[in-house]
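Okay, structure first, notes after.
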Amino acid sequence: MVASVVQRLFPGTQVTIGPSTEDGFYYDFFRKEPFTPEDLERIEKAANEEIKRDLPFVRKEVSREEALQLFDKLGETFKKEIVEDIFSKGAKTLTLYSHGDWVDFCLGPHAPSTGRIGVIKLLNVAGAYWRGDHRNPQLQRIYGTAFFDKKDLDAWLKQQEEARKRDHRKLGKELDLFAFHPAAPGAVFWTHRGTLLFHALSNAMRGLCLRNGYQEIKTPLMFNKMLWERSGHWGKYRENMFLVLDPESKEKDIDERATFSLKPMNCPSHYLFYQMKKHSYRELPIRYHTQDVLHRNEATGVLSGLTRVRQFQQDDAHVILMESQIADEVKRLTELIKKVYDALGLGFRAKFGTRPPQRIGTDEMWDRAEAGLRAAIEQTGVDWMENPGDGAFYGPKLDFAVKDSIGREWQLGTIQLDYNAPERFELGYVGEDNKEHRPVVIHRAIYGSFERFIAILIEHFAGNFPVWLAPTQARIITVADRHMEWAREVHARLQEGGLRIEADESSEKLGAKIRDAQLMKIPYTLVIGDKEVEGRGVSPRKHGEGKEADLGFQQLDAFAAKLSAEARPPY
RNA sequence: GCCGACAUAGCUCAGUCGGUAGAGCAACGGUUUCGUAAACCGUAGGUCGCCGGUUCAAGUCCGGCUGUCGGCUCCA
């Protein structure tokens, strides 16, 4: 119906496709002039008037010839292309739906009439490529949604607005966690508070890896291009790599001038590391964990807050193992991921990417690899779906995805089998038979990148971090200056216990200091006045509103023990 | 990279028709010493993202660039 209104208001506009989405719909149009925000308002108004006319939707089945003739007459070249497609895939007829004198095809079903639609709200307009291919003409996509009545729409809009309040970019500024500067697009400035949060996560992962048979290593950040040629990155990934060019070189070709590249991934350097010694089958699986900085030269248009950056760190690991160990290892990994996500309360979905059309290795190998992954995921009981053909060319994978506050799904953790790398790098181990064998590699990350993971966590907790993650775990505030001495002692003693404590020594009133601490979403505010000085204790106030917030007087040692317990990572 | 929008003080934002930039908070100085979400008075703070153009005059209009945002493509 929106398309019919667009064609009436903007003659000459061609229609293409207009499917429904999770929370609304979009329709792609081909028109030279861009739709302005004002145009959207006009379209929305006209569409809602059309609803009131309550025109019936009429269904009709037509043959290929009839359909082509119809859309040819209407001058709808994009529609004709889809019609051809539908019939070439074996359809016998095409279902048309019309209302008034406007007609489109659709599998249906449709509502009986336009009056049933309720209320339409157009949200925004964006560019999109015909058939999702950037070599094709660019279309204009109008996004919108519809509800049975205005009240539901308003409620939904309000909810969207609430979600935007927990946007990590907004909270990152408000809670003083990170910043960006035009001088380094896509690279994060972590503030002290943000760095504390980063390290809390990073150290928890270190501990987890240490307890699960990993060795943490660090490898160079920059490598001679010969390494990338060997790994295949030079051929497949070079446009995403930051290259170091030889200033002396007179070569025009950037390929020839390049000498080194910043690493976009850790894998090749882990293979080099593995090869520095000879390995026995008894050592396998060997697990290397690295949290080094990576650089990927992402296209300007895709950068977005912390979720898509050019410089980032992963909780990356590569497991080198025998094929017979895959099923067991994948199960352990899936359980590890589940443990971490569950501890944080993150709802996630696993996506099982199976063999793509373009791939290496035998079908028998893929059968084994996919079966191993499938068995592992089924045993752990996590929510998963199959993404046929979404595996990497070198092996199948499991991706773990979580939604952000506005509903966009981001891939975080991943488990990928790799049969290609061991060949390229000629990795080997000495087997029981005293002969050289080829191992398999598993690439895995649990957080994915710290940057993206932190973005998701900020939105998930709306900035209200649990004590173990909170940059400041408690802030000390005094009622009057005469309480400063005890406050400083409390500060020092808690800090000595390894806790992240700060003190507000300003001359503000208590209420103002409480408010400041609350706005920073600090888990505990420790009030110190006459009572606390005398009793050698503190009066903690838990973050959040309400009468229960004030926990009342507590001895310092008792509170310190409680806070320390809460400060321990849950994994 | 492509399409569109946006860019004003540290932050959030106002700035009408083109006539020489403003608020609140934060900061700084002073006063205040107070018991659970904002004490009071004062001061300072700006190359209106950058470059160019139109104009007697540009935050305002036009063009280019950079960055950000919403999508698309991409995402080993």
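Chain letters run A, B, ... following the sequence lines, proteins first and then strands; every chain starts at 1. Side chains included, hydrogens not; waters and symmetry mates left out as well; all remaining heavy atoms used. As the structure is a prediction and not an experimental result, all values here were calculated from the model.
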Mind checking if [X] touches a base, just sugar-phosphate, or nothing, with heavy atoms under 4.0 Å?
X	value
A:Ser539	base
A:Arg135	nothing
A:Leu123	nothing
A:Glu508	base
A:Ala126	base
A:Glu532	base
A:Gly529	base
A:Tyr143	sugar-phosphate
A:Ala299	base
A:His443	nothing

Given [options], identify the nucleotide with an atom nearest to the side chain of [X].
X	options	answer
A:Arg169	B:rG70, B:rC72, B:rU36	B:rG70
A:Val479	B:rA37, B:rC34, B:rG70	B:rC34
A:Ala512	B:rA38, B:rU73, B:rG70	B:rA38
A:Leu303	B:rU68, B:rU33, B:rG1	B:rU68
A:Pro182	B:rG67, B:rG70, B:rG35	B:rG67

Using the [atom1] atoms only, state how far [M] lies from [N], rounded to an integer number of Å.
N	M	atom1	answer
B:rC51	B:rC11	C1'	28 Å
B:rG24	B:rC69	P	30 Å
B:rA9	B:rG22	C1'	10 Å
B:rU16	B:rU73	P	39 Å
B:rG42	B:rA26	P	16 Å
B:rG63	B:rA58	C1'	15 Å
B:rG15	B:rU60	C1'	9 Å
B:rC50	B:rU8	C1'	15 Å

Using purine N1 to pyrimidine N3 plus N6-O4 or O6-N4 for Watson-Crick, or N1-O2 and O6-N3 for G-U wobble, each under 3.5 Å, what pairs with [N]?
N	value
B:rU60	none
B:rU33	none
B:rA27	B:rU43
B:rA38	none
B:rC69	B:rG4
B:rG22	B:rC13

Between [N] atom [atom2] and [X] atom [atom1], what is the distance in whole Å?
X	N	atom1	atom2	value
A:Arg31	B:rC3	CZ	C1'	14 Å
A:Asp550	B:rA37	CG	C1'	13 Å
A:Asn124	B:rC69	CG	P	15 Å
A:Ile514	B:rC34	CD1	C1'	13 Å
A:Asp390	B:rC75	CG	P	10 Å
A:Asp530	B:rG35	CG	P	10 Å
A:Leu171	B:rU12	CG	P	13 Å
A:Arg308	B:rU73	CZ	P	12 Å

Item to check | Polar side-chain contact A:Tyr129-B:rG1 base: donor and acceptor under 3.5 Å | outcome: yes
Checklist entry - With no angle test and no hydrogens, is the base of B:rU32 tied to the side chain of A:Ser507 by a donor-acceptor pair under 3.5 Å? => result yes
Next on the checklist: For A:Gln7 and A:Thr13: C-alpha separation, side-chain torsions, deciding distance, then whether side-chain hydrogen bond (donor to acceptor under 3.5 Å, both in side chains) applies.
Outcome noted: CA-CA 6 Å; A:Gln7 290 203 311; A:Thr13 301; over 6 Å; no
Checklist entry - What orientation do A:His233 and A:Tyr237 show, parallel under 30°, tilted 30 to 60°, or perpendicular over 60°? => result perpendicular
Next on the checklist: Classify the ring geometry of A:Phe178 against A:Trp190: parallel below 30°, tilted from 30° to 60°, perpendicular beyond 60°.
Outcome noted: perpendicular
Next on the checklist: A cation-pi test, strictly: NZ or CZ of A:Arg310 under 6.0 Å from the centre of the six-membered ring of A:Phe312 and no more than 45 degrees from its axis. Yes or no?
Outcome noted: no
Item to check | Within 45° cone of A:Phe400 ring axis and under 6.0 Å: A:Arg349 NZ or CZ | outcome: no
Checklist entry - Between A:Lys236 and A:Lys173, which has a closest nucleotide on RNA chain B that is more 5'? => result A:Lys173
Next on the checklist: I want to confirm an ordering. Mapping A:Gly132 and A:Thr36 to their closest nucleotides on RNA chain B, which one lands closer to the 5' end?
Outcome noted: A:Thr36
Contact under 4.0 Å: [X] side-chain N or O vs [N] OP1/OP2:
X	N	result
A:Arg515	B:rU36	no
A:Arg482	B:rC34	yes
A:Lys170	B:rU12	no
A:Arg141	B:rG70	no
A:Thr300	B:rG1	yes

Next on the checklist: Between A:Glu370 (side chain only) and A:Arg355 (backbone N and O only), is there a donor and an acceptor less than 3.5 Å apart?
Outcome noted: yes
Checklist outcome for this item: Of A:Phe453, A:Trp410, A:Tyr341, the one forming a ring-ring contact (aromatic ring centres under 6.0 Å, His included) with A:Tyr447 is A:Phe453
Checklist entry - What is the minimum heavy-atom distance between A:Leu175 and A:Met520, and which atoms define it? => result O-CE, 3.6 Å
Checklist outcome for this item: Heavy-atom closest pair (A:Thr290 atom, A:Ile217 atom, distance to 0.1 Å) is OG1-O, 2.8 Å
